[in-house]
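Just so you know, ligand 1 is whichever comes first in the structure, and atom 1 is the first atom listed for that ligand. Heads up: numbering here begins at 1 and tracks the sequence. The shown structure was predicted, so the numbers you read here are calculated from the model rather than taken from an experiment.
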Amino acid sequence: MNSAGGFRLGILGSGTGSNFVAIADACASGVIPARVSVVISDVEGAGILDRARERGLPSRFIAPGKFRTKLDDVAEQAFVEALQQAEVDLVVLAGFMRILKGAFLRTFENRVVNIHPSLLPAFPGTASWKQAIDHGAKVTGCTVHFVDQGVDSGPIIAQQTVPVREDDSPESLHARIHAAEHALYPRCIAAIARGEVRIEGRRVRVKGAD
Ligand code: GRF
């Protein structure tokens, strides 16, 4: 943890920011013993930046560079510097649509988490709720995991199941997964901030989870 001011979160997102809102509210109410010290988006005008501004939290857009699915080297360095300047203890991906590469992950080793809208390792990648319906899955859910160099492949911290109903559309299923995310992600971040989460290889031990 940084020396002054308690546990700090740096949030990266590309979209509407509903997970960010759940996390920021949980910080404000003390459910997560941490504060959001910066919100950064690779998308100019992203909803997540508006939500941060409404809450008076520091936020900024950083241009991602020429690639579609990752940051270029200059952008990656700018993200790293902004997060370091904000003295973040944990980098929280909340709908951040780019893959983070080695240099970023080495800088924040074991300190980057993500939420994914399926029960990993099932349905990694995009539109996982639609993948679940197309596959005929009866149960899906969401997963909070540490981020490694693969896609949605890092050590799993916690998962929440969500049933797939007969009459589900991709949209209705996605909405229920989203609601589950808003409960699961703050719980996991709170446990990390309290020092209750330990990585042992691929296994993640969460105090009090058994
Ligand atoms: C969530 O469904 C999350 O699982 C995925 O991106 C989405 C972000 O939604 N990684 P929001 O911007 O937090 O509303």
Give the atom numbers and elements of ligand 1 that come within less than 4.0 Å of a heavy atom of His174.
2 (O)
Which atoms of ligand 1 have any heavy atom of Thr16 under 4.0 Å away?
11 (P), 12 (O), 14 (O)
Could you list which atoms of ligand 1 come closer than 4.0 Å to a heavy atom of Gly17?
11 (P), 12 (O), 13 (O), 14 (O)
Nearest 0.5 Å, please: how far is CD in Gln160 from CD1 in Ile115?
10.0 Å
If you take the nearest heavy atom of each of Ser18, Gly13, Ser14, Gly95, which one is closest to atom 11 (P) of ligand 1?
Ser18
Using a 3.5 Å distance criterion without hydrogens, assess whether the side chain of Gln159 forms a donor-acceptor pair with backbone atoms of Leu120.
yes
Do any heavy atoms of Met97 fall under 4.0 Å from ligand 1?
no
Is it true that a side-chain atom of Ser128 and a backbone atom of Ser118 form a donor plus acceptor pair closer than 3.5 Å?
no
Between His174 (side chain only) and Ala127 (backbone N and O only), is there a donor and an acceptor less than 3.5 Å apart?
no
Judged by atom type as modelled, is there a donor-acceptor pair below 3.5 Å linking the side chain of Ser41 to the main-chain atoms of Gly13?
yes
Subset of ligand 1 atoms that lie under 4.0 Å from at least one heavy atom of His178
1 (C), 2 (O), 9 (O), 11 (P), 14 (O)
Report yes or no: does Ser153 contribute a side-chain atom to a donor-acceptor pair with the main-chain N or O of Gln149 at less than 3.5 Å?
no
Tell me: protein heavy atom nearest atom 3 (C) of ligand 1, and distance?
Glu181 OE2, 3.4 Å
Distance to 0.1 Å, residue and atom name: give those for the protein heavy atom nearest to atom 5 (C) of ligand 1.
Ile115 O, 3.8 Å
